[in-house]
Amino acid sequence: MSGPISLEPGGSEEDTLAIRLAGTRPLRRRPRWAVDEATLTVRLPRSGPDERAVSELAAELADRIGPAVHPYEVAALLEAEGLSASVINERYGHPNLFSLASALYERVPRTFPEPAPAADPWRPDTVRCLLRGVLFALPGLAYLLAAPLWDAGGHAGALVVAGVVSWAWGQALGHRAHLRMATGRREAGRTLLAGAPAGSAVATAIAALPAQGGPVTWVAAAQSAYLAAAGVLLVLGRERLLLAALSPLLAGAAVLPWWEPGPVLRSGLPALALLATLAVTARVLRGTLSVPAVTGAGRPRLLWSLPYGLFGLAAAVLVLLQGREEPYAVIVLTLSMGPAEWLLYRYRGLSVAALRATATPAGFLLRSAGILGLCLLVYLAPLLPAALLIGADPVGLLLLAAVLWTALLLQAFGAAWPSAGICLAAAAAAAAVSLFRLPPGTALALPLSCGAAALCLSACALRLLGRPSPHA
């Protein structure tokens, strides 16, 4: 075979061997690749990588290559992108996948993005907290409706005694039910089923002593039964059912400014609300007890719930002393319990965030003090205009509110005995001054006692909660 054989570049992107066959003589056996005036182009392997193509690929995948800590991660990424061995060799000039991955890993600088912020585990349910505050105050409408129908006379103290006992019993029972809730709703339901009727009976029996068996005893019994049933629904998180059960009170109170409902409705609407509350409570307890029991769950000690009951007793006495001088202040405090519960959740969430943001115990203590002051300020700020609006002493109301919220904060972290002891001491001092007319006088007894208690409780909160361990 003779003729011109020329080597020509096949293009700017790759080297080719062009074999041009021209003017050939006939052969005895014609090769399959030999054609007249035809050009056969044969692709040869690249002599090196195509830097431009590799750079374009690196720019395209930079956001995913940057966080890689090893070229093997880049190789896995390239496989996920569907790059085959032939494409890697022809387009990028690398012999295999790992060679291209190593080149990309070297070209792209390491970038380690900040992790996404963790969700707040203590994010409060705002609607539920506000609803609970309203539910704490709604039963007062029953007294507004039914008070003209009976004359308590000198036996009105029976209702006060029954309320104080029910408050203390409900605090202890609620804590014990929450302890049992950790082992199952059935166990909590059994605790409430046994404790709520017993608390109602104890409160009624104690109230019957000053009432001397008069009609006030029946009112005290109804009050104690409602408080026991409502406590069960609140512990089990059935606030909306309780609101529905109290709707007759809302309807009756709404028409009072324009229409006199008469004795039948004045007595019937509170009775209907009580029966509805008892019926709803019985249904909820029945459903709770139908849940399968948890085997091997131990019983918490009764002593663990004692400080919560003592705190309930002290808080009831302090609120009673405040309400004796300024009845509307009790309504303000009752409504504020919903926002107070919301702020307890916010305190825990802010403390967890502060724990993540600080690196030294001193820094966390400083942040913890700021969080405590901020939560107290947010809680007390709305109470100031409310106190001025109802004509109450703002100093006494704010100090009592500070005592209640700080004590609840300590209880939320399990420090129940310090809060119970301080509140009991404040209640005993204020009650002694009020009963025995001791100096500095009844007008200053409660504010001074609450002021001292608030300072002691704040110091305990900073000492116990200013360390990282309770928030970890």
Side-chain angles (χ1 to χ4, degrees), residues 114-130 132-133 307-308 311 314-315 318 332-333 335-388 393-423 425-426 447-472:
E114 293 292 331
D120 185 2
W122 297 103
R123 183 178 180 181
D125 187 344
T126 303
V127 175
R128 182 188 178 195
C129 291
L130 294 178
R132 288 172 70 89
Y308 295 87
F311 164 74
L318 291 173
V332 173
L333 283 173
L335 290 173
S336 73
M337 288 296 103
E341 186 174 347
W342 185 87
L343 282 169
L344 292 178
Y345 283 99
R346 289 301 302 137
Y347 176 88
R348 302 199 73 157
L350 292 173
S351 297
V352 172
L355 185 61
R356 294 170 179 167
T358 54
T360 62
F364 180 75
L365 177 61
L366 184 62
R367 283 179 177 263
S368 182
I371 293 171
L372 178 62
L374 176 63
C375 290
L376 273 174
L377 179 62
V378 172
Y379 175 53
L380 299 178
L383 297 182
L384 178 59
L388 297 176
D393 177 23
V395 176
L397 180 60
L398 295 180
L399 288 176
L400 177 55
V403 168
L404 295 178
W405 189 85
T406 314
L408 290 173
L409 175 64
L410 289 172
Q411 286 188 354
F413 283 88
W417 280 110
S419 60
I422 294 172
C423 290
L448 290 177
S449 299
C450 290
L455 289 176
C456 293
L457 289 170
S458 299
C460 288
L462 285 178
R463 180 177 178 273
L464 296 175
L465 307 180
R467 298 176 289 110
S469 54
H471 310 277

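Residue numbers count from 1 along this sequence. Hydrogens, waters and symmetry mates are skipped; everything else that's a heavy atom, side chains included, is used.
- Interatomic distance, CG of Leu344 versus CD of Gln411, reported as 10.0 Å (0.5 Å rounding).
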(Q) One pair to check against side chain to side chain contact (heavy atoms under 4.5 Å, CB included): Leu404 and Cys423. What are the steps and the verdict? (A) CA-CA 8 Å; Leu404 295 178; Cys423 290; 5.9 Å; no
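- The structure places CG of Leu333 at 5.0 Å from CG of Leu397, a figure rounded to the nearest 0.5 Å.
- Here the CE-CG distance, from Met337 to Leu408, works out to 6.5 Å after rounding to the nearest 0.5 Å.
- Annotation for Pro394 and Ala387: closest pair CA-CB, 3.8 Å, computed over non-hydrogen atoms.
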(Q) Working note: Leu465 + Ser351, criterion side chain to side chain contact (heavy atoms under 4.5 Å, CB included); need CA distance, chi angles, decisive distance, verdict. (A) CA-CA 9 Å; Leu465 307 180; Ser351 297; over 6 Å; no
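- At least one side-chain heavy atom of Arg346 sits under 4.5 Å from a side-chain heavy atom of Leu350.
- Ser368 places no side-chain N or O within donor-acceptor distance of the main-chain N or O of Leu365, the cut-off being under 3.5 Å.
- Taken to the nearest 0.5 Å, the CG atom of Leu383 stands 10.0 Å off from the CG atom of Leu400.
- Taking the side chain as every heavy atom from C-beta outward, Phe413 and Arg348 approach each other to under 4.5 Å.
- For Arg463, the salt bridge (charged side-chain N to carboxylate O under 4.0 Å, His left out) criterion is met by no residue, not counting sequence neighbours.
- Contacts of Thr358 classified as side-chain hydrogen bond (donor to acceptor under 3.5 Å, both in side chains), with partners at least two apart in sequence or in another chain: none.
- When all heavy atoms of Ala381 and Pro385 are compared, the pair lying nearest together is O-CD, 3.0 Å.
- Side-chain contact check for Leu410 versus Ile422: every heavy-atom pair is 4.5 Å or farther apart.
- With a 6.0 Å radius and a threshold of 12 heavy atoms from other residues, nucleotides or ligands, Arg123 has its CZ atom at or below the threshold.
- Minimum interatomic distance between Leu399 and Pro447 (heavy atoms only, all atoms of both residues): CD1-O, 3.3 Å.
- Looking at every heavy atom in both residues, Leu380 comes nearest to Ala401 through CD2-CB, 3.7 Å.
- Partners of Tyr345 under the side-chain hydrogen bond (donor to acceptor under 3.5 Å, both in side chains) rule, at least two apart in sequence or in another chain, do not exist in this structure.
- Aromatic ring orientation, His471 versus Tyr347: tilted (interplanar angle from 30° to 60°).
- Under a cut-off of 6.0 angstrom, the local environment of CH2 in Trp122 is sparse, with at most 12 non-hydrogen atoms contributed by other residues, nucleotides or ligands.
- Contact annotation: the side chain of Leu376 never approaches that of Leu343 to less than 4.5 Å [non-hydrogen atoms, C-beta and beyond].
- Rounding to the nearest 0.5 angstrom, the gap separating the CH2 atom in Trp417 from the SG atom in Cys460 is 14.5 Å.
- Of the inter-residue distances, the one linking Trp342 atom CH2 with Leu130 atom CG reads 9.0 Å to the nearest 0.5 angstrom.
- Using a 4.5 Å heavy-atom threshold, the side chains of Trp405 and Pro339 count as separate.
- Across every non-hydrogen atom of Ser458 and Leu372, the tightest pair is O-CD2, 4.2 Å.
- Of all the heavy atoms in Pro468 and Leu355, the pair that sits closest is CB-CD1, 3.4 Å.
- The closest donor-acceptor contact from the side chain of Ser419 to the backbone of Ala416 lies under 3.5 Å.
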